[in-house]
Each structure stands twice: as structure tokens, then as C-alpha cells.
Amino acid sequence: MPIATQAGGVLMSASRYSPRDIEPKWQDRWEKAGLYRSVEDPSREKFYCLEMFPYPSGDLHMGHMRNYAIGDAYARFLRMKGFNVLYPMGYDAFGLPAENAAITRKVDPGKWTRSSIKRMVDVQKRMGLSYDWSRTLATCEPEYYRWNQWIFLKFMEKGLAYRKSAPVNWCPSCQTVLANEQVEGGGCWRCHSTVQKKDLKQWFFKITAYADELLEDLEHLEDWPERVKTMQKNWIGRSEGAEIDFKVVDSDQVISTFTTRPDTVFGITYMVLAAEHPLVEELVKGSKSADGVRKFVKKAQEKTLIERTDETREKEGVDTGRTFVNPATGEKFPIYVADYVVMEYGTGAVMGVPAHDQRDFEFARKYGLPVRVVIQDDTGLLTGNTMTQAYVENGVMVNSGPFDGRPNREAMPDFVSYMEEKGWGREALSYRLRDWLISRQRYWGTPIPIIYCSQCGEVPVPEGDLPVILPSDVEFTGEGNPLETSETFLNVACPNCSGPARRETDTMDTFIDSSWYPFRYTDPAYDKAPFDPAKAAYWMPVDQYIGGIEHAILHLLYARFFTKGLRDLGLTDANEPFKRLLTQGMVIKDGAKMSKSMGNVVPADEMMERYGADTARVFILFASPPERELEWSDQGVDGSYRFLNRVHRLVMENLSLFADVAGVTGQGDENVRSLIRVRHRTVQKVREDIERRFQFNTAISAIMELVNEIQRFIAGNGTKGEGAASAVSDALRTTILLLAPFAPHLAEELWEAVGHGESVFKCQWPSYDQELVVSEMVQMVVQVNGKVRARFEAPPGTPKESLEKTALGMPRVQELTEGKEVVKIVVIPGRLVSIVVK
RNA sequence: GGGGGAGUGGCGGAACUGGUAGACGCACAGGACUUAAAAUCCUGGGACGGUAACGUCGUGAGGGUUCGAGUCCCUCCUUCCCCA
């Protein structure tokens with residue numbers, strides 16, 4: 001390899017930067033040396049850095065690349081800082097695409113998935129990511145999913161897994177049920193088909209048992225983005241209020257409703273049941289209104305959830321002809337069925353207080369129901385007949401028996417106690433969060449380890465018989481659950497009585513797989529439990545988790561629940577899985593999210609083919625701060641490529657300087673001292689940008705500035721002067737180290753070229769000297785009446801009086817202050833002198 | 001309808017605690033090298049006026065606090081995300 005030399009004034013060309021040669025070379029060496037293997041070591045401080053593992057579709061897109069570029073830069077930085085870093089990768093390998101491929105193309109989902117994983121690993125390796133590949137996992141392997149089954153059984157013992165019949169979300173296109181979290185705006189989160197309601201007997205995880213803890217612990221997650229916490233908080237939706245019982249007239253039925261406004265009970269003038277409410281049929285059976293109500297129920301159920309809860313839509317309802325008693329007043333009022341009430345919230349029954357709830361008000365006006373004011377405003381003039389909208393603010397209670405005259409907010413607790421004494425109702429909490437429905441009528445997932453026996457009922461598969469393996473003798477027809485076509489799977493002897501029995505054919509929601517995988521990485525081959533508690537105790541929790549904001553509720557809430565569940569099984573001490581969370585922004589091109597359907601995808605492997613992995617990584621990190629959207633620009637990539645080329649050339653052209661063994665003395669002229677100062681400042685800035693602000697874009701631009709400075713220095717001073725050679729070589733060496741987390745291959749190549757035998761990642765992150773960071777002179781600005789009018793230089797630490805004097809003495813300043821009265825002078829050392837004149 | 005982001009040159013973005021707005025990069029223009037091009041290097045650049053030094057305006061719009069506001073407060077507009 002020819003080395004550039006400057007001989008006789010003729011610059012001989014240095015060997016060109018060739019990522020195509022450099023990158024595979026170093027990837028190979030890293031792997032052979034096992035450089036990124038991590039081993040538990042209690043004497044060292046650990047750091048667990050993790051990216052959300054991908055669904056292996058086979059294609060690595062820019063969103064993935066961004067995710068990994070961030071995580072890898074951070075992991076490499078931390079290694080150089082001396083941490084014992086765990087940085088693994090795995091695959092969220094169960095899911096519908098593999099099964100759909102099986103239906104349409106007759107390929108085995110396992111084969112399809114494994115080959116996709118292979119393709120992804122290949123691209124990830126070419127990116128030069130520093131994963132500990134010995135810890136990799138795929139959730140579709142029995143060695144992994146057997147522990148889903150094991151945890152399911154343990155949860156069952158604890159009462160955290162149970163089976164019940166309930167109206168559930170059914171996606172007609174995916175042919176499966178969905179959890180509440182997986183219904184977005186009334187549609188399936190995956191295919192957007194309108195979700196229907198179906199009554200089915202299904203398995204649930206009792207996430208509601210942790211509702212309060214999940215809510216309260218959000219407070220301790222200081223390093224989570226506020227908006228993710230807000231989203232989770234809203235999702236859990238805890239509200240305080242009361243549950244009130246209403247007797248149905250001419251019946252022994254009691255209907256309970258939850259309300260956050262028990263103070264308005266005296267104003268109840270009707271009640272509404274959801275179309276799905278189990279009592280509806282019973283109430284109208286045999287009555288003359290039965291037909292009309294049934295028709296209405298059917299119509300309501302055909303509407304989507306969005307339609308039904310749209311507040312701008314006119315509410316529709318139908319009178320059941322039945323009445324109930326308002327316990328506060330003893331009066332009888334009608335019971336309606338209406339489309340705006342759904343079973344999802346509270347109890348599926350709502351008490352109607354038209355005067356103080358806008359929806360109730362509109363409904364009451366439409367159907368001519370009485371409006372009764374029980375909270376009066378400041379004017380005291382509200383009346384049911386004249387008001388044009390509900391009064392929802394606070395006020396003074398009226399028409400409320402013994403509570404008349406009291407401010408409603410303040411009286412609320414007393415009112416609830418009063419209700420409890422009278423036996424009308426009780427204090428209650430309500431959550432929006434529902435238990436997690438985990439059954440899926442699909443093949444490519446973890447079989448639920450349950451056997452149904454006509455004698456013994458639901459029998460858990462004994463722990464010793466795990467895993468229940470997914471059978472391969474199934475038919476993919478596109479209709480029904482393929483598992484039902486496997487006779488070998490279906491028929492089994494009851495573990496209890498040995499009689500003939502049938503296996504559960506539903507599989508688990510794939511979000512279960514991703515709910516505990518960070519634990520599995522700590523010991524992916526462990527075969528006595530999901531993970532070795534000792535190893536998990538060392539590594540968990542994840543110190544830095546990185547992924548898309550789209551998982552703010554789903555995955556992140558489930559994983560938090562699982563961690564608490566595993567803790568209560570005694571497997572871990574961790575309360576939370578992720579200490580710090582970074583939500584990366586989307587990758588945008590031509591104004592739209594980069595996606596296959598938009599046709600604006602830039603494939604990762606193509607990028608690396610053209611520019612190499614280092615360029616791609618540098619550009620992705622440089623173009624935008626991680627949390628924000630990233631606007632893709634092909635020209636921008638050229639810029640990053642040019643930058644790396646420049647670094648390469650600069651080092652290769654100056655290799656001779658590195659032979660100089662003498663350290664940096666700090667001797668030399670002002671230019672030398674300035675170069676040294678920039679070098680130390682850059683080290684400080686890059687470190688702070690990565691560590692404290694997680695802002696790689698400004699870190700990289702600081703390195704660019706250092707490189708510009710070195711180049712300018714060489715062009716101006718050359719390297720012959722006193723201290724010049726050592727200052728330049730030190731600055732270049734520093735550049736290589738600072739660049740290492742972002743462009744690891746190039747850094748290794750140059751590190752070797754300048755004469756180091758060991759990997760750059762075994763080196764300490766460069767340090768800086770606080771004294772050298774400080775400038776010899778600082779620029780001061782002089783403002784007159786808020787406008788910058790002059791500048792001067794002063795050494796740091798100059799006293800205020802002296803700065804003020806200098807400023808006032810400047811000709812330009814004198815010109816502007818002449819004949820005027822100086823009203824005020826503000827001096828900020830190191831920044832400015834601000835003079836106010838009149 | 002509720003909650004939360006974001007809005008800065010032609011573009012991506014910087015400005016960390018209220019203190020020189022536009023770092024760094026892209027695109028662009030001029031120049032050097034070259035027979036020519038590519039690559040590379042140098043120079044320029046928010047807008048308007050001026051040969052200039054300088055002046056005026058300028059961070060979505062309008063108001064306010066302050067010696068000083070991209071940054072803080074109020075009202076509004078646009079846009080994205082989440083929940084309805």
C-alpha cells in the first residue's frame with residue numbers, strides 16, 4: 001500500500017479511502033477476536049444498551065439503520081469509557097407475515113422466518129454493529145417460546161392468567177382476536193380492517209392487577225420522555241369516583257354505574273345502557289318495545305367504535321319502556337339503550353345527568369327528558385328549561401337535600417360517605433385499562449399450554465412436558481386456525497386422568513415474546529428457567545433502551561407489566577425493565593414516512609454498497625438529533641462520504657508525524673496553541689454531546705470542525721515549526737478516537753496505520769485538560785440600547801470594571817453615547833457589555 | 001373535542017442556564033489545478049440599501065416582560081403524533 005509522502009514539493013497520491021476493503025477486514029477481525037463478547041464482572045460497572053429487536057421481514061430499512069446506528073455508537077462510546085457493556089441483538093420472529101407467506105406461497109413459516117433472519121443478520125453484520133452475537137435469540141425457537149409457556153403456567157398459578165368469556169375485538173381479515181391496545185381508532189393495528197365485536201371464551205393476563213403500580217412507577221422513570229409517560233398514564237386512565245346502584249322498577253334487578261361526578265346524583269333523570277349490556281334483553285323480553293329495542297341494538301352494533309363515540313355525532317337511543325328509581329329523590333325515570341355508550345368503559349351503563357354533562361344534555365333535549373340543575377353557577381340563574389348547554393364547571397349544590405348550599409367539589413367526599421351510609425353506592429375507582437387478551441387464532445405463535453379434558457376441564461400442561469411444540473403437519477388454507485388441522489397436535493391424553501383430551505389451539509399474542517426478551521439476553525442458553533436470576537441481577541435493568549415512539553403504549557406497557565409479574569414470581573428484583581428510554585424519530589423522504597407502500601424506500605444494503613457502512617452511519621447520525629424526524633437526503637450522504645475521505649487523506653498524508661515519540665509540550669506559537677485548544681475543546685464537547693445530551697449530530701459537527709482546523713493549520717503553518725508536528729499528530733489521533741463510535745471501521749484502519757497494534761475500542765476515550773479548554777482571549781460584544789455596536793477582545797477573568805471601561809472608551813461607543821445620559825450598564829464577563837442611554 | 005411535539009436561510013439543522021441568530025453540512029456562485037471533466041483546494045453567501053466601513057429588517061403571526069427574547073408569558077395560525 002503506497003503511503004503518501006511529500007517529496008520535492010510533489011504530493012504523491014495517498015491510497016484512497018476504500019470502505020469496500022476496510023469494512024469486511026475489520027468485521028472479520030472483530031469477530032475472530034471476540035471483541036464484543038460480554039461477560040459478567042462484578043468488579044466493573046455494567047451498562048446494558050438495547051435496541052428494540054426487529055420483526056425479521058428480511059429487509060432492513062432506514063428506520064432500523066437509524067435505530068442501530070444510535071445504539072452502536074453509544075455502546076462503543078461506553079466501552080471506550082470503560083464500562084462493561086452488554087449489547088445484544090435478537091429477532092421478534094413470530095407473527096402474521098410468515099403465516100401469510102405460508103398461505104399464499106406454500107412456504108413453511110419456520111423456513112421463511114429463518115431465512116429472513118439470515119438476511120437481516122447479514123446486513124447488520126455489514127453495518128459493523130458491535131453486538132455480542134453469541135447471545136442472539138429468535139422467539140420462534142422452542143428454546144425461547146417454551147419459557148413463554150412456562151411463564152404462562154406460573155402466571156396461572158398466581159391468578160395472573162385466566163380464561164373468561166367476553167365480548168372481544170375480532171379482526172375479520174387477520175381472522176383473530178385482538179387486545180384493546182391493538183385496536184387503533186376502531187381498526188386492526190396491523191391491517192386497519194374494522195374490528196368487530198364477538199363473544200368468545202379467551203385467555204387473559206391480569207394486567208389490571210398492576211394498574212396502580214404501573215401508574216405510580218411512571219413517576220420514577222425520570223429518564224423516559226414525558227410524552228411516553230403521559231400516553232401510558234392516559235391509557236391506564238385511572239379515575240376516582242363512585243359506583244351507584246339503581247333498582248329497576250318491577251324487578252329485583254339492580255344496575256350499577258360508575259361516575260366521576262357523584263355530586264350530581266340528585267340530577268339524574270334517565271339511564272342509558274350499552275347495546276351490548278347483558279340486561280337489555282331481559283328488560284324488554286315480552287314487552288311491546290322489545291322489537292324496536294332489538295332492532296336498535298343490532299343497528300348500533302354494526303357501527304364502529306369511532307362512530308359510536310364521536311362526540312360531534314347526534315346520539316341516538318331508544319326507550320326500553322322500563323324505569324328505575326333514583327335513590328336520592330325516590331323518583332322513577334326511564335331506562336334507554338343508546339349507541340353512545342359502550343361496554344368498554346365503566347360498567348356499560350351510564351346515569352344521565354343532563355344539566356351537568358354535555359352528551360347527556362344533548363340526549364335529553366332530543367328525547368324530551370327533564371333537565372334538573374343541581375349545581376348552580378355564580379349567577380344562580382341556571383334553570384333546566386332555559387339552559388342551552390350543560391353546566392360542567394364547579395358551583396354550589398342545589399336541589400340536593402342536605403347538601404344544598406355547599407360547594408360541590410368540597411362536598412364530594414362527604415356526599416360519597418352519605419351515599420355509603422344510605423346504601424346507594426360506594427367510593428370506587430375505575431380504570432380505562434382492561435385485562436390483556438392474549439389468545440390468537442393463528443398458527444405462527446407460542447401454543448398456549450392447556451389441555452381440555454371432558455372429565456377434568458382446563459388442565460395445564462405439566463412443566464416437565466414443556467415445550468408444547470408447534471406441529472408441522474398442518475394445512476394453510478387461509479381459513480380458520482391451521483393448528484386445528486393437525487391431528488397429532490390436537491389429540492392428547494389428559495395429564496390428570498389419562499383420558500382422551502384436546503389441546504388448546506390458540507396461540508399467544510406475539511407481544512408476549514417481546515415482553516421479557518431483555519431478561520433472556522442475560523443468559524440465552526439457560527435451561528432451568530427463563531433466565532439465570534444471578535446473571536439477570538447483574539445486567540438488568542436495561543440502562544438505555546432505544547426504539548420507535550409507536551411502541552409507547554403496547555410493547556412498553558406490556559414489558560413493564562411482565563417485569564413486575566416476573567418479580568412477583570421471585571425471578572428478579574427489577575421493578576422496571578428500562579431505566580432510560582430514547583424514542584427515535586421516523587425517517588422521512590420527500591415529505592412522507594419512508595415505507596414500502598409510499599415507494600420512497602432507500603434500502604440499507606444499497607447504501608452500504610455505494611458508500612460503505614461508516615458513511616451511512618455518520619450521515620444518519622449527523623443529519624438530525626435522534627428524537628426528531630430525519631429528512632433523508634442523497635446529497636447529504638455525499639457530504640458524509642467526503643468528510644470521511646478527508647479524514648482518511650489527512651491522516652495518510654501525515655503518517656510520518658506519528659513517529660515522533662515526544663508528547664505534546666504545548667510549546668509553539670499562537671497557532672499551535674490554538675490547535676491544541678481546539679483539540680481539547682472538541683473532546684469536551686463530543687463527550688458532553690453524547691453523554692449528557694444524546695445529540696450525535698452536534699458531536700459529529702464538532703469533529704468536523706476539528707478536522708477543518710487541522711487542515712487549515714497544516715495549510716497555513718506546515719508541520720515543521722516548534723511543537724507543530726506533535727500538536728498535529730495528537731489532534732489527528734484524537735480525531736480518530738472521537739470518530740470511532742460513529743465510523744468504527746475507518747477509525748480502526750487509521751489507528752492501525754498510525755502505528756497502534758491494538759483495537760481502537762480497547763483504548764481509553766480521550767481526556768481533556770480543563771485549563772487548555774479556556775481561551776487566552778474572549779470576544780466581548782458591546783451593545784448600545786440592545787444593539788450590537790462594537791466588539792473587543794479581553795483575557796478571561798478581566799474584572800467587570802475594566803471591561804466596562806474598555807467598552808465605554810471605544811470610539812464607536814463614544815460616538816453613540818455622546819451627549820446622552822448613560823442610564824444603566826450591564827456587564828456579563830465573557831459575553832457582553834450592555835449600555836443603555838437616554 | 002382533549003393531551004403532547006414541531007415551526008429558524010434555497011435545504012437538513014446549530015444556538016445547552018434569557019446574552020454576538022444561522023455553527024456544521026448540503027445545494028449554489030466565483031476562483032485555483034486540468035487540454036477538458038471528475039476529484040480536490042481556496043473564497044463568498046439571511047433579506048434590503050450602500051463601492052465600502054456601515055445601517056435597517058429578520059427565528060410561523062400579533063401582543064407582553066426585560067438593558068437584552070429563537071429561548072420566558074398571553075392570544076392566534078399551520079403541521080405532526082397520541083387519545084377520543
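Letters A, B, ... mirror the listed sequences (proteins, then strands); counts begin at 1. Computed over heavy atoms, backbone and side chain alike; hydrogens, waters and symmetry mates excluded.
Taking atom C1' in both B:rA21 and B:rG5, one finds a spacing of 23 Å when rounded to whole Å. The separation of B:rC57 from B:rC74, taken at their P atoms, amounts to 27 Å, rounded to a whole angstrom. Across the P atoms, B:rU66 and B:rC73 are found 16 Å apart, a figure rounded to whole Å. Rounded to a whole angstrom, the distance from the C1' atom of B:rG63 to that of B:rA69 is 14 Å. Rounded to whole Å, the separation between the P atoms of B:rG10 and B:rA6 comes to 23 Å. To the nearest whole angstrom, the two P atoms, one in B:rU56 and one in B:rG60, are 22 Å apart. Using atom C1' as the reference point in both B:rG70 and B:rA61, the two lie 15 Å apart (nearest Å). Remark: the separation of the P atoms in B:rU75 and B:rG3 is 12 Å, to the nearest Å.
Side-chain proximity of A:P625 to B:rC57, B:rA15, B:rG13: nearest is B:rG13. The side chain of A:E629 approaches B:rC80 more closely than any other nucleotide in the set B:rG55, B:rC80, B:rC26. Each of B:rC42, B:rC67, B:rC16 was ranked by its minimum atom distance to the side chain of A:R693; first place goes to B:rC16. Comparing atom distances between the A:A623 side chain and each of B:rA39, B:rG25, B:rG12 picks out B:rG12 as nearest. Set against B:rC24, B:rC26, B:rG13, the side chain of A:Q635 has B:rC26 as its closest nucleotide. The side chain of A:F622 lies closest to B:rC24 when the candidates are B:rC24, B:rA39, B:rC26. Here the nucleotide nearest the side chain of A:M704, chosen from B:rC67, B:rG25, B:rA27, is B:rG25. Distance from the side chain of A:M231 is smallest to B:rC82 among B:rC82, B:rA14, B:rG4. Here the side chain of A:Q695 is nearest to one of B:rA23, B:rA14, B:rC83, namely B:rA14. Between B:rU56, B:rG13, B:rC83, one nucleotide has an atom nearer to the side chain of A:R789 than all others, and that is B:rU56.
At the heavy-atom level, A:N708 lies under 4.0 Å from the strands shown only through sugar-phosphate atoms. Here A:V781 lies in heavy-atom contact (under 4.0 Å) with a base. Counting non-hydrogen atoms under 4.0 angstrom, A:K233 reaches nothing in the nucleic acid. When heavy atoms are screened at a 4.0 angstrom cut-off, A:R642 is found touching the sugar-phosphate backbone but no base atom. Using a 4.0 Å heavy-atom cutoff across all strands shown, A:S834 reaches at least one base atom of the nucleic acid. As judged by a 4.0 angstrom heavy-atom cut-off over every strand, A:E226 is placed among residues making no nucleic acid contact. Residue-level contact check: A:R646 touches the backbone only, with heavy atoms under 4.0 Å from sugar-phosphate atoms and none from bases. When heavy atoms are screened at a 4.0 angstrom cut-off, A:R712 is found touching no nucleic acid atom at all.
Test A:M586, A:H61, A:Q584, A:R617 against A:R66 for side-chain contact (heavy atoms from CB on, under 4.5 Å) and you get one pass: A:Q584. For the side-chain contact (heavy atoms from CB on, under 4.5 Å) with A:V782, the qualifying choice from A:I835, A:L808, A:T806 is A:I835, the only one to do so.
For the pair A:R432 and B:rC83, the criterion of a side-chain N or O lying under 4.0 Å from OP1 or OP2 is not met. Using a 4.0 Å cut-off, some side-chain N or O of A:N697 falls inside it from OP1 or OP2 of B:rA14. For A:R681 and B:rA23, the shortest distance from a side-chain N or O to OP1 or OP2 is not below 4.0 Å.
By the rule that a glycosidic angle within 90° of 0 means syn, B:rG46 does not qualify and counts as anti.
Both A:L630 and A:T230 sit near RNA chain B, but only A:T230 has its closest nucleotide nearer the 5' end. Summary of the strand contacts: A:S624 and A:L832 both lie near RNA chain B, and taking for each the nucleotide with the nearest heavy atom, the more 5' one is attributed to A:S624.
Put simply, NZ on A:K787 is 13 Å from C1' on B:rC54, counting in whole angstrom units. Atom CD in A:Q711 sits roughly 10 Å away from atom P in B:rU43 (whole-Å rounding). Atom NE2 of A:H551 is separated from atom C1' of B:rC82 by 15 Å (rounded to the nearest Å). Atoms CD (A:E705) and C1' (B:rA23) sit 6 Å apart, rounded to a whole Å. At whole-Å resolution of the value, CD in A:Q584 and P in B:rC81 are 17 Å apart. We find that CZ of A:R227 is positioned 12 Å from P of B:rC83, with the value rounded to whole Å. Straight-line distance from the CG atom of A:L556 to the C1' atom of B:rC82: 14 Å, rounded to whole Å. Separating the CG atom of A:L650 from the P atom of B:rU40 is a distance of 14 Å, rounded to the nearest angstrom.
A cation-pi arrangement is absent between A:R687 and A:W765, since the terminal nitrogen or guanidinium carbon is not both under 6.0 Å from the aromatic centre and inside a 45° cone about the axis.
Using a 4.5 Å heavy-atom threshold, the side chains of A:F619 and A:Y641 count as separate. Two residues are said to be in side-chain contact when any heavy atoms from C-beta on lie closer than 4.5 Å; A:Q544 and A:L582 meet this criterion.
Using N1 to N3 plus N6-O4 or O6-N4 for Watson-Crick, or N1-O2 and O6-N3 for G-U wobble, each under 3.5 Å, B:rG22 pairs with nothing. Base pairing of B:rU79: its partner is B:rG5, meeting the Watson-Crick or G-U wobble criterion (both donor-acceptor distances under 3.5 Å). Checking B:rC72 for Watson-Crick or G-U wobble geometry (two distances, each under 3.5 Å) identifies B:rG64 as its partner. Nucleotide B:rG44 has B:rC28 as its partner under the Watson-Crick or G-U criteria, with both atom distances under 3.5 Å.
By the 4.0 Å N-to-carboxylate-O rule, A:K229 lies too far from A:E219 to be salt-bridged with it.
When only modelled atom types and interatomic distance are considered, A:E631 and A:S624 share no side-chain donor-acceptor pair under 3.5 Å.
Formation of a donor-acceptor pair under 3.5 Å by the A:E362 side chain with backbone atoms of A:P354 is not found in this model.
Side-chain rings of A:F694 and A:Y74 approach one another, their centers coming within less than 6.0 Å.
Contact of A:R692 with B:rC16 (side chain to base): a donor-acceptor pair of N or O atoms is detected under 3.5 Å.
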